[in-house]
2 protein chains.
Amino acid sequence: MAVTKHSKQRDAIIEELCHRHDHPTAEELYLALKMKMPNLSLGTVYRNLNMLSDDGTIQKISVGGADHFDGNADNHYHMLCSECKRLYDVTYPVLEDIEKKAHDFVDGRITSHTITFIGVCNGCL
Amino acid sequence: MAVTKHSKQRDAIIEELCHRHDHPTAEELYLALKMKMPNLSLGTVYRNLNMLSDDGTIQKISVGGADHFDGNADNHYHMLCSECKRLYDVTYPVLEDIEKKAHDFVDGRITSHTITFIGVCNGCL
DNA sequence: TATAATAACAGTAACAATTATCATTATTGA
DNA sequence: TCAATAATGATAATTGTTACTGTTATTATA
C-alpha cells in the first residue's frame, strides 16, 4: 500500500532520519524517537521505513546483516566499519558510466548499482 | 575456531559450492546436499560456511536480506536480480585503484570494497 | 593398529531482525 | 459532521542465523 495519509509518526520518522547523518537501523531510529513519542511502536517504524523506501523517498541499505536507512535518496556510496558496524557516507563521485560499461559482462538489464567500502572508521582506529 | 580436521560434510559443501555457479544461500545448499546426505544438518552447513569464509576459502555476500556464498574467493562483482533475488557473477574487471581514490572521501581506512549491480536477469526478462 | 584428544557432527533450542495480524484510532474528502 | 479507510500500537508469527549438548568421526601419537 502506498503512502497516502499523513501522520505524526511518519513525519517524525522522516524528520529524524533526515536530520541525522549516520544511517540508523529501524531499531536505532525507534529508540531515538521513543523518547519524544513514548508510545511509538517499533512496527510502525518498520512499516513506514519500508513504505518510504518503496516510494523512493528514502533509501534502504542492507549490509552487515541489518537494514540501514538513509534520508538521502540520491545514489551515493557508503563505508561499513567492520569494527562498530556503523555505516558512513562516502562522497566519492558516482560512477555514472559503470552500469553502461558493465552491461557487456551481464546477462540481463542493469537498473542501478551500489558500492560499499569496508574498512575501519577513525573512531575505531 | 579454525578449520583443522576434514569431514565428508565439509568436503561436500565445498564441492557443491564450487561446482555450481549461482551463489546459493545456506539453505539452498543444504537442500541440494540433503538429497545425497539425508542426515546432514542445516547447522552444519551454516557452521562450515562461516568457518570457510572466515578462513578466506570462500566468500560470503550479504545482499537482499540473506547471506549468499561464493566458492570463488577472489574479489569480483555481482548482480542481484530484483525479480528472482538470485545473485550472478559480473566479470567486469575489478577497479584496482578505487580504494586508493576513495581514501580522500572517507574518515578512516579502507580495506576492501564490493560492487553490486541491481537489475533483472535474462531469465526474468 | 589401538587409543586418547578433540574437532565436527546432528538435532534442537534460542536468538535477533523483520513482517503480519488485528482491534482501535486518526486523517481525509465529501 | 461523518463515513471510509489509512495508519497506529500491541503482539504474535516468521525468517535467517547462531548457540548448545550429547554423540560420532578424525587425527596424531604410542
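Order of the sequence lines sets the chain letters (A, B, ...), proteins ahead of strands, with each chain counted from 1. When reading the values below, keep in mind they use all heavy atoms of this one structure, side chains included, and skip hydrogens, waters and symmetry mates.
Here the side chain of Lys60(A) is nearest to one of dT8(D), dC9(C), dT19(C), namely dT19(C).
Protein atom CG of Asp67(B) is 17 Å distant from nucleotide atom P of dA16(C), rounded to whole Å. Atom OH of Tyr30(A) is separated from atom P of dT11(D) by 11 Å (rounded to the nearest Å). Atom P of nucleotide dG16(D) and atom CZ of Phe69(B) are separated by 13 Å, given to the nearest angstrom. Atom P of nucleotide dA7(D) and atom CG of Leu40(A) are separated by 15 Å, given to the nearest angstrom. Rounded to whole Å, atom P of dT27(C) lies 9 Å from atom NZ of Lys5(A). In this structure, Leu42(B) places its CG atom 15 Å from C1' of dC20(D), rounding to the nearest Å. Rounded to whole Å, the distance from CE on Met37(B) to C1' on dA10(C) is 12 Å. Atoms CD (Glu28(B)) and P (dT17(D)) sit 11 Å apart, rounded to a whole Å.
The residue among Glu27(B) and His6(B) whose nearest nucleotide of DNA chain D lies closer to the 5′ end is Glu27(B).
Residue Leu33(A) is grouped with residue Tyr30(A) when hydrophobic side chains (ILVMFWY) are merged at heavy-atom distances under 4.5 angstrom, including chains of intermediate members.
Of the side-chain N and O atoms in Asn39(A), none sit less than 4.0 angstrom from OP1 or OP2 of dA10(D). Close to dT19(C), at under 4.0 Å from its OP1 or OP2, lies a side-chain N or O of Asn50(A). The phosphate of dT18(D) (OP1 or OP2) has no side-chain N or O of Tyr46(B) nearer than 4.0 angstrom. Dashed line: the shortest gap from a side-chain N or O of Gln9(B) to OP1 or OP2 of dA25(D) is not under 4.0 Å. Using a 4.0 Å cut-off, no side-chain N or O of Arg47(A) falls inside it from OP1 or OP2 of dT19(C). At least one side-chain nitrogen or oxygen of Thr4(A) sits closer than 4.0 Å to the OP1 or OP2 atom of dA7(D). Residue Ser7(B) has no polar side-chain atom (N or O) positioned under 4.0 Å from OP1 or OP2 of dT26(D).
Using cut-offs of 30° and 60° for the angle between ring planes, the Phe117(A) and His113(B) rings count as tilted. The aromatic rings of Tyr92(A) and Phe105(B) sit perpendicular, their planes meeting at an angle over 60°, well past the 30° parallel limit. The aromatic rings of His23(A) and His78(A) lie perpendicular to each other, with more than 60° between the two planes, well past the 30° mark.
Here OG of Ser62(A) is found 4.0 Å from CG of Asp67(A). Values are rounded to the nearest 0.5 Å.
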